[in-house]
Amino acid sequence: MNRFGIKFDVKNRPPLDPDFMPIVKFNRAFLAGASQPVSLAVERSDGQIAVCHTKIFGTPERTQADCYYLNRLVKTMLWMKGGFRVYVAGSSFAWSCLHDTYAKGGEQEFDFNYMSDVFEHPFEVVETDKVPDPVYNPKKMGGHLNGCRIGFVAGGSDRKVSAVIDGESVYSEEVVWFPKMNADPDYHYKGIVEALRSAASHLPRVEAVGVSSAGVYINNRTMSASLFLQVPPDLFETKVKDIYIRAITDTFGDVPFEVLNDGDVSAIAGAMSLGEPNVLGIAMGTSEAVGFVDDRGRVTGWLNELAFVPVDCQPDTLRDEWSGDIGCGSKYFSQDAVIKLAPRAGIDLEESLSPAEKLKVVQARMEAGDPAAAEIYASIGVYLGHSLAYYFGLYGCRHVLLLGRVMSGRGGDLILAEARRVLADEYPELSGRITPSLPDEKFRRVGQSAAAASLPELA
């Protein structure tokens, strides 16, 4: 394979997407030839700073490759860690490239605007002689089992809630809802309160509430979330940013609560289930939700939005409707990936069906032993095997817990098997260092809400 003059080999290719170019392969080949040191840092409004020391070619004939590599690397840092300021040291060319790319009217204008909004600070790319030192402020969260608790999980297709007493779930329910299709935030508020009250009716009292929700949450506030995609900006500011805070305090008064990204809750659930830390949780559903618990069992506070982290370098792949970018995880590890690959497998899905219904059609064919459906899941498994090698380089994760609707049933088993095969065959140096696994079926569907219940600590 060849991208901007950088040549690399890929032995294992998805059967329905043979032109897939794993970014980990491109990066390794690029760095093998690069020699000019460049340092990058990304700063957040909470003081955390992520640092990366890397290399570029710095030669005229490799200008395109250098800019592409820098673009994808900074994109990865921003959506993994989050930040409003990028520092660049060691190369004025690298600064110029990134300054022009992450700007109004630039190729990554979406990221420029998004990070400005989330961190409530103008985004900027700064050239400096030396990048600042890294700052890391993780927080111990989850695993609190005492008392009468409620765990609520807000997904794009359904919402789940559990009533938990001293770590044992005494009631769970799953309700279909349509948050992405509703512009009225009162629809979301009423759905949240309805779920909380339903769980509370099965408890003698409510002592704590934990929320797992797709999106970006800082200090329990909703900074960005696709669940509220249709809500106008003015109503988002007044009714959505504090929606979980209002719903919990309006319903139960002054009780301890925590609101966390659903990916982080997946990772916490994995750590609780395995009895070990250093877990990357990946939930494949409406999109790709990711979270991480570090080697000391702490939540990082990073964005961990790997749905928008590049995994594919091929130039003519599907574009994400929201961010406008290509090659990112949302189109490879979600129901969108299944829908994308279905026509290539010869499976026609009725346009009138919702994405969740289209997924169910493919799942039913998979359960019936349809080889066309198996090709879809095998392709996703190959995507995952290559991407886990990339994610390991980012996180150093010992365990990977795979959750979500896409991972249900025989399809999920095949995805896992293919991912393990690709890791062993193409990245043998990672053998024994990263272990992807599945929870049991019950844990996949409702375990996350019980884990969410464990987030707050009682006084």
Side-chain angles (χ1 to χ4, degrees), residues 24 27-28 30-31 34-58 66-67 69-103 108 111-112 114-141 216-219 223 261 263-264 267 277-280 290-306 308-310 390-398:
V24 64
N27 286 352
R28 289 182 177 189
F30 178 93
L31 291 172
S35 60
Q36 181 179 346
V38 174
S39 294
L40 304 168
V42 173
E43 181 180 0
R44 296 166 50 105
S45 54
D46 62 2
Q48 291 201 71
I49 298 174
V51 175
C52 176
H53 301 291
T54 187
K55 298 179 293 182
I56 61 172
F57 284 85
D66 281 346
C67 280
Y69 171 75
L70 289 166
N71 176 334
R72 301 290 83 180
L73 177 57
V74 169
K75 171 108 177 172
T76 298
M77 293 177 70
L78 287 172
W79 289 95
M80 176 187 173
K81 304 291 184 68
F84 66 89
R85 181 178 292 125
V86 177
Y87 295 94
V88 185
S91 168
S92 292
F93 164 78
W95 169 81
S96 177
C97 176
L98 291 168
H99 181 270
D100 293 345
T101 300
Y102 288 88
Q108 304 301 141
D111 310 88
F112 174 90
Y114 184 91
M115 296 297 163
S116 296
D117 291 341
V118 165
F119 292 100
E120 300 177 318
H121 193 288
F123 190 92
E124 57 184 340
V125 180
V126 178
E127 186 173 17
T128 181
D129 292 334
K130 181 180 181 296
V131 299
D133 293 331
V135 178
Y136 178 44
N137 296 318
K139 180 181 179 182
K140 182 68 176 176
M141 191 179 294
V216 177
Y217 298 88
I218 298 176
N219 295 327
M223 305 311 296
N261 171 271
D264 279 331
N278 205 2
V279 178
L280 187 71
V290 177
F292 179 58
V293 173
D294 71 10
D295 57 2
R296 293 175 59 184
R298 301 169 301 183
V299 174
T300 62
W302 302 338
L303 295 191
N304 296 313
E305 289 284 354
L306 299 194
F308 304 104
V309 165
Y390 185 48
Y391 293 166
F392 179 83
L394 299 176
Y395 289 91
C397 45
R398 173 69 179 85

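For clarity, every value in this text was computed on a predicted model and none was experimentally measured.
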At their closest point, which heavy atom of N278 faces which heavy atom of G396, and how far apart are they? ND2-O, 3.3 Å

For the pair Q48 (side chain) and N137 (backbone), establish whether a donor and an acceptor sit closer than 3.5 Å, ignoring hydrogens and angles. yes

Is it the case that H53 and S39 place a side-chain donor and acceptor less than 3.5 Å from each other? yes

Side-chain contact test, heavy atoms from C-beta onward, threshold under 4.5 Å: evaluate it for V290 versus Y391 and give yes or no. no

Walk me through it: do V74 and T101 pass the test side chain to side chain contact (heavy atoms under 4.5 Å, CB included)? CA-CA 10 Å; V74 169; T101 300; over 6 Å; no

Are L73 and T54 packed together at the side-chain level, in the sense that at least one heavy-atom pair is separated by less than 4.5 angstrom? yes

Show the nearest heavy-atom pair for residues V51 and A41, with the distance to one decimal. CG2-CB, 4.0 Å

Measure up the W302 and Y395 rings against each other and bin them: parallel (under 30°), tilted (30 to 60°), perpendicular (over 60°). tilted

For M115 versus G82, what's the shortest heavy-atom pair and its separation? SD-CA, 4.5 Å

Would you say the side chain of R85 lies within less than 4.5 Å of the side chain of V126, judging by non-hydrogen atoms? yes

Rounded to the nearest 0.5 Å, how far apart are CG of N27 and OH of Y390? 5.5 Å

Please report the closest heavy-atom contact between F84 and S45, naming both atoms and the distance. CE2-N, 3.5 Å

Could you walk me through whether L40 and V131 pass the side chain to side chain contact (heavy atoms under 4.5 Å, CB included) check? CA-CA 7 Å; L40 304 168; V131 299; 5.8 Å; no

Heavy-atom side-chain contact between V86 and Y102 under 4.5 Å: no

CG (L78) and CG (L303) are apart, to the nearest 0.5 Å, by 8.5 Å

Could you check whether any side-chain heavy atom of K55 comes within less than 4.5 Å of a side-chain heavy atom of V38, counting everything from C-beta outward? no

Smallest separation among heavy atoms of I49 and E43, with atom names: CG1-CG, 3.9 Å

Pair R296 + D294: basic N to acidic O under 4.0 Å: no

K81 and T76, any side-chain heavy atoms less than 4.5 Å apart: no

State, yes or no, whether a side-chain contact exists between E305 and V216 at a heavy-atom distance under 4.5 Å. yes

Taking the six-membered ring for Trp, are F57 and Y69 ring centroids under 6.0 Å apart? no

Donor-acceptor pairs under 3.5 Å, side chain of residues 88-100 to any protein atom, not counting sequence neighbours: which ones?
{"residue": "S91", "atom": "OG", "partner": "F93", "partner atom": "N", "Å": "3.4"}
{"residue": "S91", "atom": "OG", "partner": "A94", "partner atom": "N", "Å": "2.9"}
{"residue": "S92", "atom": "OG", "partner": "E127", "partner atom": "OE2", "Å": "2.6"}
{"residue": "W95", "atom": "NE1", "partner": "V125", "partner atom": "O", "Å": "3.1"}

Backbone N/O of P277 and side chain of R398: donor-acceptor pair under 3.5 Å: no

Say you draw a straight line from OG1 of T300 to CE of M141; how long is it, rounded to the nearest 0.5 Å? 10.5 Å

Distance, nearest 0.5 Å, that separates SG of C397 from CZ of F292: 6.5 Å

Between M223 and D117, what is the shortest heavy-atom contact and its length? CE-O, 4.4 Å

Answer with yes or no after comparing the ring centroid distance for F112 and F123 against a 6.0 Å cut-off, counting only values under it. yes

With heavy-atom distances below 4.5 Å as the criterion, would you say the side chains of H121 and S116 are in contact? no

